[in-house]
Amino acid sequence: MRHVSHAPDPILQAEIGRYIVAWYRAGHRDLPWRRTTDPYRIWLSEAMCQQTRVETAIPYYERFLALFPTVADLAAADLDSVLAAWAGLGYYSRARNLHAAASEVVRRHAGVFPDTVEALMALPGIGRYTAGAVASIAFGRPAPIVDGNVRRVLCRLFALEGDPSRPPLDGILWEVAAALVPTDAPGDFNQGLMELGARTCAPRSPACGACPVAARCGALRLGRVAEIPSARARPPAREVERVGLAVRDASGALLMARRAPRGLLGGLWELPGGDLEAGEAPPEAAARLAEGSLALAGGALEARGRVEHRFTHLRMVLWVLEAPAARGVAPSPFGGYDALAFLGPPARGAVALSALALRSLHLLGEPDGHERARRTGPP
DNA sequence: AATTCGGGGAT
DNA sequence: ATCCCAGAATT
């Protein structure tokens, strides 16, 4: 039920804009990308922050810029090194698209970043949100943005009911955001909306007493702050079961496989393996892959344990089995892989390993393996 | 319009 | 355990 008028009157719009900008300028988090207007850096920060907490992204941002200081450096890098710098952040299509977009900026835009929403959205990985963020923050254009924070703030401010991440409310929010963004300070306004959502208008127990627009907040007036916005509907996580094979060369280096550069964990390296087929037990699947895909000579595989990993949309169980010897390993990739190589810990440090792969390495006692998440950011 | 993409921190 | 995070691409 959306009986509230969606377009606030112009006077109220201007008032809200001024309050948000003034509140933002009076004090905000000192984030590294707020010390620059370099569109490359703004773009990188926006890509890293997609579906990712700001605090998580910061160390990756610093390390990534140290490795690839300019868009030309990024375009010239190979995808393995870009993904290695991204490893642990998740949603790896962001890194693949970032790399592809850098090439386009260099090749098609002569290394100069496009400065309009339309041109920005033509680059891979840049959607409506990121285009608006770069256009407003780096170039001062009055483009609206709607992210998770803005959705929550605007839904509460105008008491909009429904699922804000889906039509029709999704479109309404873009209209409201476009009506609100001021022409004189679009970057500070947009960042102020996000800052407000992150620090004050929090999902649970918001600090309405510290909110600059609390006096205008429809949800607060109606006593429905806790109910607005409604939770996003999520399908139940599906179950996936895989086996991974530990195969060593004479030096003890593990055979690693690189997943094809699309889909789940695309471009990342892991223990070679595959999904269980219907009705198949882990040892059977491991034997099938060892003898068929890897052409390993006989010898029983030894179970080394299992690693369980939860993604947002799936729950994966990985059974790890070790081959006693590495005789007759096929050099050619199989299944969904596009490369195979024996990599010891030093070589693995130069490529991208998923959190799941790191946990499987930990299971094998490898020094670069991890039981849980790193707390200190990338290596 | 609905799914598919990671991973972790807060509650 | 559940929610959600400075979303975008694909189907």
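Numbered from 1 within each chain, the chains take letters A, B, ... in sequence-line order.
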NA contact type, [X], heavy-atom cut-off 4.0 Å: base, sugar-phosphate, or nothing?
{"X": "Leu89(A)", "answer": "base"}
{"X": "Ser354(A)", "answer": "sugar-phosphate"}
{"X": "Gly266(A)", "answer": "nothing"}
{"X": "Thr312(A)", "answer": "base"}
{"X": "Trp43(A)", "answer": "nothing"}
{"X": "Thr52(A)", "answer": "base"}
{"X": "Pro167(A)", "answer": "sugar-phosphate"}
{"X": "Leu268(A)", "answer": "nothing"}
{"X": "Thr130(A)", "answer": "sugar-phosphate"}
{"X": "Ala355(A)", "answer": "sugar-phosphate"}

Whichever of Ser230(A) and Ile126(A) has the more 5' nearest nucleotide on DNA chain C, that residue is Ser230(A)

Candidates [options] - which lies nearest the side chain of [X]:
{"X": "Arg166(A)", "options": "dT4(B), dA2(B), dC5(C)", "result": "dA2(B)"}
{"X": "Arg232(A)", "options": "dA6(C), dG7(C), dA9(C)", "result": "dG7(C)"}
{"X": "Cys49(A)", "options": "dC3(C), dA6(C), dG7(C)", "result": "dA6(C)"}
{"X": "Tyr129(A)", "options": "dA6(C), dG6(B), dC4(C)", "result": "dA6(C)"}
{"X": "Arg238(A)", "options": "dT4(B), dA6(C), dG7(B)", "result": "dT4(B)"}
{"X": "Arg234(A)", "options": "dC4(C), dT11(B), dG6(B)", "result": "dC4(C)"}
{"X": "Arg29(A)", "options": "dC4(C), dG6(B), dA6(C)", "result": "dA6(C)"}
{"X": "Phe311(A)", "options": "dA6(C), dG6(B), dA10(B)", "result": "dG6(B)"}
{"X": "Arg53(A)", "options": "dA2(B), dG6(B), dG8(B)", "result": "dG8(B)"}
{"X": "Arg152(A)", "options": "dT4(B), dC5(C), dG7(B)", "result": "dC5(C)"}

Please give, in whole Å, the distance from [N] [atom2] to [X] [atom1]?
{"X": "Arg262(A)", "N": "dT3(B)", "atom1": "CZ", "atom2": "P", "result": "21 Å"}
{"X": "Asp163(A)", "N": "dT3(B)", "atom1": "CG", "atom2": "P", "result": "12 Å"}
{"X": "Glu308(A)", "N": "dG6(B)", "atom1": "CD", "atom2": "P", "result": "18 Å"}
{"X": "Trp174(A)", "N": "dA8(C)", "atom1": "CH2", "atom2": "C1'", "result": "12 Å"}
{"X": "Leu169(A)", "N": "dA1(B)", "atom1": "CG", "atom2": "C1'", "result": "15 Å"}
{"X": "Tyr92(A)", "N": "dT4(B)", "atom1": "OH", "atom2": "C1'", "result": "16 Å"}
{"X": "Arg259(A)", "N": "dC5(B)", "atom1": "CZ", "atom2": "C1'", "result": "12 Å"}
{"X": "Arg204(A)", "N": "dC4(C)", "atom1": "CZ", "atom2": "C1'", "result": "8 Å"}

On a whole-Å scale, what distance lies between the P atoms belonging to dG9(B) and dA8(C)? 24 Å

Write down the distance separating the P atoms in dT11(B) and dA6(C), rounded off to the nearest Å. 13 Å

For Gln51(A) and for Thr56(A), find the nucleotide of DNA chain B with the closest heavy atom, then tell me which residue's nucleotide is more 5'. Gln51(A)

Short side-chain N/O contact to dA9(C) OP1/OP2 from Tyr91(A), under 4.0 Å: no

Tell me whether the side-chain N/O atoms of His313(A) come closer than 4.0 Å to OP1 or OP2 in dG6(B). no

Are more than 12 heavy atoms, taken from residues, nucleotides or ligands other than Arg35(A), located less than 6.0 Å from that residue's CZ atom? no

Does Phe334(A), at its CZ atom, have more than 12 non-hydrogen atoms belonging to other residues, nucleotides or ligands within less than 6.0 Å? yes

Does Ala143(A) offer a backbone N or O that forms a donor-acceptor pair with the side chain of Asn190(A) under 3.5 Å? yes

Rounded to the nearest 0.5 Å, how far apart are CG of Asp38(A) and CH2 of Trp33(A)? 14.5 Å

Exactly one of Leu169(A), Leu160(A), Leu173(A) should register a side chain to side chain contact (heavy atoms under 4.5 Å, CB included) with Arg151(A). Which one does? Leu173(A)

Positive for ring pair (Phe, Tyr, Trp, His ring centres under 6.0 Å) with Phe113(A), one of Phe139(A), Tyr40(A), Trp43(A): Trp43(A)

Any heavy-atom pair between the side chains of Arg216(A) and Leu157(A) that's under 4.5 Å? yes

Can you tell me how the ring of His28(A) sits relative to the ring of Tyr24(A), calling it parallel under 30°, perpendicular over 60° and tilted otherwise? parallel

